[in-house]
K.L.:
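Mind looking over this structure? Questions follow.
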Amino acid sequence: MEASDLPPILQHLHPFPAQYAASSNVPLIKSPSLRVPKAVEVPADMYPLPDSITEYFAYPFTLEPHVITLESSRKTTIAAHAARREAYIVSREQEKERRKREALQRVAPGYHPESGLLAPRRLGDLVTKRLDEPAANRIGPESPMVLPPPPTRTVMDDLVDQLAAMEYMK
């Protein structure tokens with residue numbers, strides 16, 4: 001059997017293997033809903049592209065000043081947008097820091113994160129230390145600090161002191 005004797009659909013299988021020999025005589029049923037498309041006609045003036053198409057590209061140098069003007073204006077616009085965006089981001093960060101400091105001041109007045117932990121101090125210790133410093137080393141106004149009068153002790157204060165002393169003795 002030769003390739004020309006085979007149906008067109010089986011011609012690519014030539015030389016025909018023995019296992020397909022029985023199917024070569026089976027007629028193919030064509031569906032009435034299908035039809036073979038028309039062959040494509042190639043126009044006569046069509047020719048293949050050359051190996052290199054670089055000679056088809058010609059840059060119009062008349063556009064150069066226009067392109068440069070557009071590019072420079074585009075770059076300045078992009079730079080302005082970037083600067084505005086950076087300023088907005090910096091202002092947002094500063095606003096967040098300000099809100100954080102305000103929240104810390106509400107919770108712990110006098111606390112600054114960069115200064116470290118707060119340690120409890122007695123007001124009397126600070127005042128005597130401040131008064132012991134020479135006037136030249138003091139920070140603040142030149143006048144000495146005015147001390148409030150010492151609080152008067154009440155009977156309750158004496159009672160609390162006596163109870164604390166009794167507990168300490170145990």
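Worth knowing before you read on, the calculation uses all heavy atoms, side chains too, and leaves out hydrogens, waters and symmetry mates. All figures in this text were calculated on a predicted structure; none of them were measured in a lab. Numbering starts at 1 and runs along the sequence shown.
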K.L.:
Side-chain atoms of residues 83-94: list all donor-acceptor pairs with protein atoms under 3.5 Å, sequence neighbours left out, distances to 0.1 Å.
P.N.:
from : atom 1 : to  : atom 2 : distance (Å)
R84  : NH2    : H81 : ND1    : 2.9
S91  : OG     : A87 : O      : 3.4
S91  : OG     : Y88 : O      : 2.7

K.L.:
Can you list every side-chain hydrogen bond (donor to acceptor under 3.5 Å, both in side chains) pair that touches residues 155-167, not counting sequence neighbours?
P.N.:
R153-D158, R153-D161, T154-D157

K.L.:
So does R74 pair up with E71, basic N to acidic O under 4.0 Å?
P.N.:
yes

K.L.:
Please determine whether residues L163 and M156 belong to a single hydrophobic cluster, defined as Ile, Leu, Val, Met, Phe, Trp and Tyr linked transitively by side-chain heavy-atom distances below 4.5 Å.
P.N.:
yes

K.L.:
So which heavy atom on R99 is nearest to which on R106, and how close?
P.N.:
O-NH2, 4.5 Å

K.L.:
Counting neighbours of CZ on R98 that are heavy atoms of other residues, nucleotides or ligands and sit closer than 6.0 Å, is the number greater than 12?
P.N.:
yes

